[in-house]
Amino acid sequence: FMGRTDQQVKIRGYRIELGEIEQQLLKHPVIRETAVLAHQDPQGNGALCAYVVAEGEAVWTAATVRDWLEAELPDYMIPAYVVQLDQLPLTSHGKLDRKALPEPDHHLPAGPETEAPRNEVERLLVEVWRDVLNMEELGINHQFFVSGGDSIKALQIGS
C-alpha cells in the first residue's frame, strides 16, 4: 500500500536502481552532489532526470552526463534530462527533499547549440523530432536519445 521504500523504478520494462546512477555520477571529480528521479515526459512515458550540483563554475549538459555514464552503465540507465542546481533541497532534518526538486524543463535543448537545418531533408527531420520530442529548440546537431528520445518515440517517427 505504501509503495516501494527503496529507489528502484521501472522504465520501459527495465528495473533501475537510481542509487547506482547517483553513485556513478559522484565518481566524477567535478560533481559534488546528485540525485536521480524518474519523471514522466509530456507524452506520459517514464524518463530519468539527474539533478547535479557541480563544484565551482562547471556547467553540465545532458550530453556531457551521458558521455560520462555511457562507459559504465547500460543505455536504459542514462538520464534523458539533466537539471543543474546550486544546491539540492533538504528537509528540516537535513535529508534530500526529493519532492522539492524541480520538474525538468522538457523544452530545453539537451546539450549543443541549436543549428538550423541546411536542406529540406534536415528540415523535415527536425520538424518531426520537435513534434515527437515536444521540444521547441532542437536542431540538426542534437542527438535523438540524449534529447529525450527512446525506442517508442523512434517508432513514432517511423510511422
Item to complete: Please identify each residue that fulfils salt bridge (charged side-chain N to carboxylate O under 4.0 Å, His left out) with Glu127, with sequence neighbours left out.
Response: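 Checked Glu127 against salt bridge (charged side-chain N to carboxylate O under 4.0 Å, His left out); matches are Arg123.
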Which atoms form the tightest heavy-atom contact between [X] and [Y], and what is the distance?
X	Y	value
His39	Tyr51	NE2-OH, 2.8 Å
Arg98	Ala35	NH1-CB, 4.2 Å
Val9	Ala38	CG1-CB, 4.0 Å
Gly46	Ile11	O-CG2, 3.5 Å
Met77	Ile21	O-CD1, 3.1 Å

Starting from [Y], can I reach [X] by hopping between I/L/V/M/F/W/Y residues whose side chains sit under 4.5 Å apart?
X	Y	result
Tyr81	Leu101	no
Ile152	Leu48	no
Leu18	Ile78	yes
Ile157	Val126	no
Tyr76	Leu69	yes

Practice prompt. Could you tell me whether Glu120 atom CD has more than 12 heavy atoms of other residues or ligands within 6.0 Å of it?
Written response: yes
Worksheet item: Of Leu88, Asp86, Ile31, which meets side chain to side chain contact (heavy atoms under 4.5 Å, CB included) against Val53?
Response: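 Of the listed residues Leu88, Asp86, Ile31, the side chain to side chain contact (heavy atoms under 4.5 Å, CB included) partner of Val53 is Leu88.
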So, taking the atom named [atom1] in [X] and the one named [atom2] in [Y], what distance separates them when rounded to the nearest 0.5 Å?
X	Y	atom1	atom2	result
Arg32	Leu26	CZ	CG	11.5 Å
Glu72	Gln24	CD	CD	4.5 Å
Gln8	Arg15	CD	CZ	5.5 Å

Fill in: Verdict with supporting geometry, Leu124 and Val128, side-chain contact (heavy atoms from CB on, under 4.5 Å)
CA-CA 6 Å; Leu124 288 171; Val128 170; 5.5 Å; no
Could you tell me if the side chain of [Y] sits less than 4.5 Å from the side chain of [X], heavy atoms only?
X	Y	result
Asn119	Glu122	yes
Trp68	Leu25	yes
Leu90	Asp97	no
Leu85	Val52	no
Pro104	Cys49	yes

Worksheet item: How far apart are the C-alpha atoms of Ile140 and Arg118, what are their side-chain angles, what is the distance that settles it, and do they pass the side-chain contact (heavy atoms from CB on, under 4.5 Å) test?
Response: CA-CA 9 Å; Ile140 62 170; Arg118 299 169 293 209; 3.5 Å; yes
Worksheet item: Donor-acceptor pair, His93 side chain versus Lys95 backbone, under 3.5 Å?
Response: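 Here the side-chain-to-backbone pair does not exist.
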Worksheet item: Thinking salt bridges, do Glu20 and Lys27 make one under a 4.0 Å N-O criterion?
Response: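 The answer is no: the pair does not qualify as a salt bridge.
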Practice prompt. Tell me, please, which residues at least two apart from Asp75 pass side chain to side chain donor-acceptor pair (under 3.5 Å).
Written response: Arg66
